[in-house]
**Student:** 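Here it is, the structure, as structure tokens.
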Amino acid sequence: MKVVQVAIPIPLRKQFNYQVPEELPNILSLKVGMRVLVPFSNKKLVGIVCDLDASTDVDETKLKSIEAILDEFPVLSSHLLVLGVWLADYYLHPLGETLFSMLPAKLRKHEKLTELNQTYLKIAENVERKDALLSLRRAKKQLALFRALFDHSLSLSEAKSEYSTQTVKALEEKKLIEYEERIAPKNEWQHALSIERAFDANVEQAIAISTINKCSTYATFLLEGVTGSGKTEVYLQVIEAVLKKRQQVLILVPEIGLTPQTADRFQRRFGEIVAMMHSGLSDSQRLCVWHQARRGDVGIVIGTRSSVFLPFENLGMIIVDEEHDDSFKQQDGLRYHARDLAVFRAVKLNIPLILGSATPSLESLHNANTQKYHHLTLSNRAGNASLPSQHLLNITGQQLQCGIAQGILDKMAIQLAEGNQVLIFVNRRGFAPSLICHQCGHVETCVGCESPFTMHKIAGNLQCHRCGNQRYIPHKCSQCGNTDLSTEGQGTEQVEGFLSAYFSNYSCVRIDSDSTRSKARLNEILESINNNKHQILIGTQILSKGHHFPNVTLGLVLNLDALLFSEDFRAAEKMGQLITQLSGRAGRANKQGEVWLQTHQPQHPLVQDLVNNGFMSFSRSLLEERRAANLPPFSFQALLRAESQHLDRVLEFLNYAKSMLAQFINAKVIGPLPCVMEKKQGRLRYQLVIQSDHRGYLLSIMQQALIELDNHKLSSRIRWLVDMQPQDFS
DNA sequence: AGCACGCCGACT
DNA sequence: GTCGGCGTGCTC
């Protein structure tokens, strides 16, 4: 009797065995990586076969049987199945859920998988062609399409683009044409590649291009290029070489960086061989891209995080653009980092990988420093465009209006009067509030950790998130005795309200998560900004991502301190990336821009380094700080978070985990500490941070701990999760 | 997760 | 007397 092992999408760290009945129709074609329909508890679920020849110690006849084989070919190739097994192991996530999160949504359900079908138009049966031609003599476009269908049928998408949707509709309504489903023909782009002539590269670009082109096996290149230095041109030219070898290219981009303009640029150079994969697509469209990648119908896929799971027919290169961006890390379910998976795939497929950024992550810089990655630099801006100059404004003790200094308001007035735009960056979310003295700029800091205390409104105290140290909220500054202590910065709405009243002759626009909920809305706003419909732009992180604002000549960062003083050890890194990216968004060749940073601590060495020496120098200093403090990338972290309405359960669970993990001497366990968002949707949230110098060691102790935690009586009564290499502690 | 089973408190 | 709250255990 044949017994196979099936991974089921449930949060259990085990697989299940099933009999394969002899009478199953397509039994001979059953392969690993195929989906099957199986009875489970008292319902039917879709599972993925992960072992064709399972060994069991139980009585095989007691096993349930597979009901149906859903696929004609495996949805997960052996390469992707290996990736999935590694993923489940590395992120300590149940295999079934892991494998299913690698698939497009449509394939997570019962739906049968067949070869990619395409809809074709043909002339309807029983249509008298002569009569039809006569009846169409006054509808030129419809006539043309109808005639075209005489000798060959046309695919629906071709017909729609060559003629028009209305034309097709019209003929359909007249019952002159009908639809037919057929297996889509393979798109043989490899034989008819039309590539537009490349731009002449400058010296640095040329070095980068030739270095990458020389490499045809696995290697990771960190391409560090200041904004406007022409990273994209490097991508384009190395992609060309890969396409000419008839291989495909995957380009991973941050969630919001994927604009139609990005795709246009690739399409202009390489023609219609580019597919996009982003959150704006429907499930059917996503499945279509999945098929196209698998069949080799497209040469290039540009996509967000989850595109790293696409089943390419013949992948020749992966590019991760803006590799420092946090959106590459999934923040729920399987908490993978697409950059790390890109490395895994590149190694397994033995192909080159490019990580590009103007502000590389410290992880990648460290890997470059230790020779794991090849470091390529582009330090010159193309053309004569110069970056805006950066300035610090000491706001200590100053009168502020809605958080803005008078001097800045005056500068804004000048720029606005000259017809330029101004941009105000407001950080409203994401970072923990620390307590700062407005008189002297002193930040209340835990003495033992040199980490700023975090305000906890619920507990009504200050807490150090490194060591758990707690103290009462002081009513005066411990340095100068002033009682003007503040935590919360201004939100975008407040700033918008104030500025639209103050500059009532100009139009304000707010760009934050509320206004970007829909992609169309964001594009609308961006367009109206470029058309100068608004003069004052107020926004959050989104302002620093991807979009260029050529008419902005003055940028303002309202509260640099809130970015800098946070218990999250990555705060300074993120601050530097943000300020640098923000500066790169503004101005154009003929207008020198300025960026002003309001701070209570203009002498802070990191801030000084960033403003005076630029991101490259700043990031190297940060890396030294991390080394000294033994923080990532010099050590490895795991996060164990628990949530429940009942505080006692959360603490009992985490303390149990801690007592277990504390036995391992080569790891440090910090906590349980309240999360930055201590209460969310009525649940109290606490976490444990586990840190070790060795990734393998950390993984193995977490695996051991997990077995115990799964068996703990509270494990099913609270919500809890493990996050390996956590990015965000909120 | 999702579901069944089982045991105690306030209700038509 | 029962309805339904949650705690417990199981899923090939």
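Letters A, B, ... are given to chains in the order of the sequence lines, protein chains preceding strands, and every chain is numbered from 1.
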**Student:** For D51(A) and dC12(C), what is the distance between atoms CG and P respectively, to the nearest whole Å?
**Tutor:** 18 Å
**Student:** Any non-hydrogen side-chain atom of F100(A) less than 4.5 Å from a side-chain atom of I48(A)?
**Tutor:** yes
**Student:** Should the pair W720(A) and F653(A) be assigned to parallel (<30°), tilted (30 to 60°) or perpendicular (>60°) ring geometry?
**Tutor:** tilted
**Student:** Specify the separation, in whole Å, of atom CD1 of I8(A) and atom P of dC12(C).
**Tutor:** 8 Å
**Student:** Looking across every strand, which nucleic acid part, if any, lies under 4.0 Å from P9(A) by heavy atom: base, sugar-phosphate, or nothing?
**Tutor:** nothing
**Student:** Whole angstrom is fine here: how far is it from CD1 in I718(A) over to C1' in dT8(C)?
**Tutor:**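 Rounded to whole Å, this separation is 16 Å.
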**Student:** Only one of K329(A), R695(A), R570(A) forms a salt bridge (charged side-chain N to carboxylate O under 4.0 Å, His left out) with E363(A), so which one is it?
**Tutor:** R570(A)
**Student:** Under 4.0 Å, counting only non-hydrogen atoms across every strand here, what does F40(A) touch: a base, just sugar-phosphate, or nothing?
**Tutor:** base
**Student:** Check the distance between dA1(B)'s P and R13(A)'s CZ and give it to me in whole angstrom.
**Tutor:**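 Value for this atom pair: 11 Å.
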**Student:** How many whole angstroms separate atom CG of L721(A) from atom C1' of dA1(B)?
**Tutor:**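 For the pair L721(A) CG and dA1(B) C1', the rounded distance is 15 Å.
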**Student:** Report yes if at least one side-chain N or O of R649(A) is closer than 4.0 Å to OP1 or OP2 of dG7(C); otherwise report no.
**Tutor:**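 R649(A) to dG7(C) OP1/OP2: side-chain N or O found under 4.0 Å.
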**Student:** Whole Å only: how far is the NZ atom of K62(A) from the P atom of dT11(C)?
**Tutor:** 12 Å
**Student:** Would you say dA4(B) has OP1 or OP2 under 4.0 Å from some side-chain N or O of N42(A)?
**Tutor:** yes
**Student:** Is V308(A) close to F328(A) at the side-chain level, that is, under 4.5 Å between some pair of heavy atoms?
**Tutor:** no
**Student:** Between R717(A) and dC6(C), is there a side-chain N or O to OP1/OP2 distance below 4.0 Å?
**Tutor:**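 For dC6(C), neither OP1 nor OP2 has a side-chain N or O of R717(A) closer than 4.0 Å.
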**Student:** How many Å lie between CG on L12(A) and P on dC3(B), as a whole number?
**Tutor:**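 These atoms are roughly 14 Å apart.
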**Student:** With sugar-phosphate meaning primed atoms plus P, OP1 and OP2, does K713(A) contact a base, only sugar-phosphate, or nothing at under 4.0 Å between heavy atoms?
**Tutor:** nothing
**Student:** May I have the distance from Q645(A) (atom CD) to dG5(C) (atom P), rounded to whole angstrom?
**Tutor:**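 That distance rounds to 15 Å.
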**Student:** Between R294(A) and E313(A), is the salt bridge (Lys or Arg N to Asp or Glu O under 4.0 Å) condition met? List the steps.
**Tutor:** CA-CA 5 Å; R294(A) 181 183 59 80; E313(A) 183 202 37; over 6 Å; no
